[in-house]
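The chains referred to below are lettered A, B, ... by the order of the sequence lines, with proteins before strands, and numbering in each begins at 1.
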Amino acid sequence: MPELPEVNTFKKYFEGTSLRQKIVDVSISDDKIIRNISAQEFVNRLTGKSFSASSRRGKYMFGHLDNGTFVLFHFGMTGDFKYYFEEEDRPKHERFHILFEGGGKLGFDCPRKFARIEFIENLKTYIKELGLGEDALIIQEGDFIEMMNGRTTSIKGFLLNQKLLAGVGNLYADEICYQTRVYPGSRVNKLSVRKKKEIFAAMQSILNTAIDRTAHYKDYPDDWFWKWRTKEGTSEKGKILVEKIAGRTTYFVKGWQRKYM
DNA sequence: TGTGATGTTGAATG
DNA sequence: GCATTCAACATCAC
């Protein structure tokens with residue numbers, strides 16, 4: 001379930017399993033998951049190298065190869081890593097795996113195939129051309145607020161726009177709006193500076209808490225919204241409504257979350 | 001059987 | 001340039 005906290009957990013997993021081991025082969029069962037070069041070229045670029053580090057920006061995770069090049073792992077809706085040795089542990093929807101010298105395999109599981117893997121020569125150039133915004137946990141409050149200037153989009157649309165702010169997805173956007181008692185369709189230009197600061201603080205606290213719990217939803221605080229966010233009904237704060245906002249299914253609590261329109 | 005799902009992109013529209 | 005909506009991507013679960 002890859003939003004920023006999930007991807008952060010994948011990154012930790014990657015670092016705990018796949019660094020500093022020579023890549024002896026890459027086995028690709030679905031060519032289309034490698035987006036920017038051919039599958040064969042991808043194999044050639046990785047074989048013989050090893051990963052020395054990794055980094056993350058929003059939902060984009062980068063494996064750093066020891067020759068100064070990079071591999072992008074974008075998990076789409078259903079991507080996941082699984083490191084394994086035995087054939088019986090291969091994930092069900094594995095699209096490719098990287099075989100290391102010691103016999104370990106880093107499998108990439110992805111039922112819905114929305115994931116994107118790329119080989120990258122220059123990371124800075126790549127991020128710049130992509131127009132990827134600053135990471136939601138790194139951006140400063142002042143920049144966060146400044147980016148809202150002159151915009152009329154909904155707060156949800158703002159939080160989801162990866163070119164402005166990288167990392168927040170549909171679930172966490174709803175959580176942020178719930179905790180700050182803002183209707184997700186509220187217009188950013190109608191929010192007070194004070195409210196914007198509140199939203200910024202909630203965003204960081206929610207993402208950090210989620211990371212602390214390794215993106216394991218069941219461990220999230222009891223007063224979070226996510227567990228109500230499955231169907232229309234009534235939460236302790238009021239009636240839950242569902243609307244399409246910024247093109248995404250959005251849950252919120254009527255009355256609890258104020259409209260700034 | 002039809003519908004929608006945690007993400008992103010590109011096209012079309014205003 | 002900005003905002004919105006829609007379709008597409010591919011598969012699975014309800």
Side-chain angles (χ1 to χ4, degrees), chain A residues 1-11 28-36 56-62 72-81 91-96 108-118 120 126-127 129-133 135-136 146-178 184-191 203 206-207 210-211 213-220 224-233 242-252 261:
Chain A
M1 305 168 196
E3 298 184 36
L4 188 151
E6 287 81 357
V7 176
N8 202 72
T9 302
F10 295 155
K11 176 176 182 288
I28 301 173
S29 43
D30 178 23
D31 286 6
K32 283 200 285 189
I33 203 159
I34 316 293
R35 302 302 177 107
N36 66 336
R56 182 191 60 71
R57 180 155 169 151
K59 305 169 194 170
Y60 291 70
M61 196 208 112
F62 305 95
L72 161 71
F73 298 96
H74 190 290
F75 299 87
M77 300 251 268
T78 57
D80 197 4
F81 282 141
K92 189 175 174 192
H93 301 285
E94 181 183 275
R95 302 305 170 187
F96 74 99
F108 191 91
D109 191 47
C110 190
R112 263 170 261 168
K113 294 189 176 183
F114 281 17
R116 212 163 70 237
I117 309 299
E118 296 186 29
I120 296 167
Y126 177 81
I127 288 174
E129 285 176 357
L130 193 63
L132 190 60
D135 185 86
E146 194 184 329
M147 281 195 312
M148 292 188 182
N149 290 341
R151 292 183 189 276
T152 58
T153 189
S154 61
I155 181 62
K156 175 138 180 178
F158 176 83
L159 291 170
L160 289 179
N161 188 337
Q162 304 298 305
K163 288 181 166 30
L164 300 174
L165 182 71
V168 177
N170 203 18
L171 268 64
Y172 290 98
D174 280 3
E175 186 70 46
I176 292 165
C177 290
Y178 172 82
S186 296
R187 302 288 126 183
V188 295
N189 57 327
K190 300 293 184 186
L191 297 169
M203 173 179 81
I206 288 166
L207 295 175
I211 285 173
R213 319 274 158 105
T214 59
H216 200 264
Y217 281 55
K218 289 191 165 45
D219 295 337
Y220 289 177
W224 278 25
F225 185 53
W226 79 271
K227 66 174 136 185
W228 301 103
R229 202 191 166 284
T230 48
K231 51 178 169 245
E232 291 186 70
V242 186
E243 282 179 17
K244 207 77 141 173
I245 297 175
R248 310 298 301 281
T249 304
T250 300
Y251 294 76
F252 65 97
M261 310 294 275

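- Note: CD (A:E129) to P (B:dG10) measures 13 Å, nearest angstrom.
- One finds a salt bridge joining A:D135 and A:R56 here, because a Lys/Arg side-chain nitrogen approaches an Asp/Glu carboxylate oxygen to under 4.0 Å.
- For the OP1/OP2 pair of C:dC9 and a distance below 4.0 Å, the side-chain nitrogens and oxygens of A:R116 include no atom meeting the criterion.
- For A:N189, the side chain to side chain contact (heavy atoms under 4.5 Å, CB included) partners are A:T152, A:R187, not counting sequence neighbours.
- In this view, A:T249 and A:V242, A:K244, A:Y251 satisfy the side chain to side chain contact (heavy atoms under 4.5 Å, CB included) rule, not counting sequence neighbours.
- When the P atom of B:dA5 is taken as reference, atom OH of A:Y251 falls 6 Å away, rounded to whole Å.
- Evaluation of the side chain to side chain contact (heavy atoms under 4.5 Å, CB included) rule for A:K59 yields A:V7, A:H74, A:Q162 as partners, not counting sequence neighbours.
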Output field dot_bracket for DNA chain C (Watson-Crick or G-U, both distances under 3.5 Å, | for other-strand pairs) contains .||||||||.||||
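- The side chain of A:L171 lies closest to B:dT6, out of B:dT6, B:dT8, B:dT9.
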Which atom pairs link the protein and nucleotides 4-7 of chain C when you take only N or O atoms and keep those under 3.5 Å?
| from | atom 1 | to | atom 2 | distance (Å) |
| --- | --- | --- | --- | --- |
| C:dT4 | OP1 | A:R187 | NH1 | 2.5 |
| C:dT4 | OP2 | A:T153 | OG1 | 2.7 |

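- The nearest whole Å value for the distance from the CE atom in A:M261 to the C1' atom in C:dA3 is 14 Å.
- Straight-line distance from the CD1 atom of A:I33 to the P atom of B:dG7: 17 Å, rounded to whole Å.
- Among the atoms of the strands shown, none is found under 4.0 Å from any heavy atom of A:L164.
- Listed by chain and number, the residues in a side chain to side chain contact (heavy atoms under 4.5 Å, CB included) with A:T9 are A:T214, A:A215 (sequence neighbours excluded).
- Formation of a donor-acceptor pair under 3.5 Å by the A:E3 side chain with backbone atoms of A:L171 is found in this model.
- Within the structure, a side-chain polar atom (N or O) of A:Q162 is placed less than 4.0 Å from OP1 or OP2 of B:dT8.
- Listed by first and then second residue, the salt bridge (charged side-chain N to carboxylate O under 4.0 Å, His left out) pairs involving residues 146-174 of chain A are A:K156-A:D174, A:D174-A:R229 (not counting sequence neighbours).
- Only the P atoms considered, B:dT1 is 23 Å distant from C:dC9, to the nearest whole Å.
- OP1 or OP2 of B:dG7 has not a single side-chain nitrogen or oxygen of A:H74 nearer than 4.0 Å.
- Between A:E94 and A:K92 there is no salt bridge, since no side-chain nitrogen of the basic residue lies less than 4.0 Å from a carboxylate oxygen of the acidic one.
- Panel note: side chain A:E118, backbone A:L72; no donor-acceptor pair is recorded below 3.5 Å.
- Note: A:W226 and A:Y220 have perpendicular aromatic rings, judged against thresholds of 30 and 60 degrees for the angle between ring planes.
- Looking at A:R95 and A:D109, no side-chain N of the basic residue comes within less than 4.0 Å of a carboxylate O on the acidic one, giving no salt bridge.
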Atom pairs, N/O to N/O, protein against nucleotides 12-14 of chain B, distance under 3.5 Å?
none

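- Partners of A:Y178 according to the side chain to side chain donor-acceptor pair (under 3.5 Å) rule, which considers only residues two or more places apart in sequence or in another chain, do not exist here.
- Not counting sequence neighbours, the partners of A:F252 by the ring pair (Phe, Tyr, Trp, His ring centres under 6.0 Å) test are A:Y183.
- Among the heavy atoms of the strands lying under 4.0 Å from A:Y60 are primed sugar atoms or P, OP1, OP2 only; no base atom is included.
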Report all interatomic pairs (protein N or O, nucleotide N or O of nucleotides 10-14 of chain C) with separations under 3.5 Å.
| from | atom 1 | to | atom 2 | distance (Å) |
| --- | --- | --- | --- | --- |
| C:dA10 | OP1 | A:K32 | NZ | 2.3 |
| C:dT11 | OP1 | A:K113 | NZ | 2.9 |

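- Rounded to whole Å, the distance from CG on A:L132 to P on B:dT8 is 9 Å.
- The aromatic ring centroids of A:F73 and A:F62 lie 6.0 Å or more from each other.
- Separating the CZ atom of A:R248 from the P atom of B:dA5 is a distance of 8 Å, rounded to the nearest angstrom.
- In this structure, A:Y217 places its OH atom 6 Å from C1' of B:dT6, rounding to the nearest Å.
- For A:D80, the side chain to side chain donor-acceptor pair (under 3.5 Å) test picks out no residue, with sequence neighbours left out.
- The distance from atom OH of A:Y172 to atom P of B:dG7 is 11 Å, rounded to the nearest whole Å.
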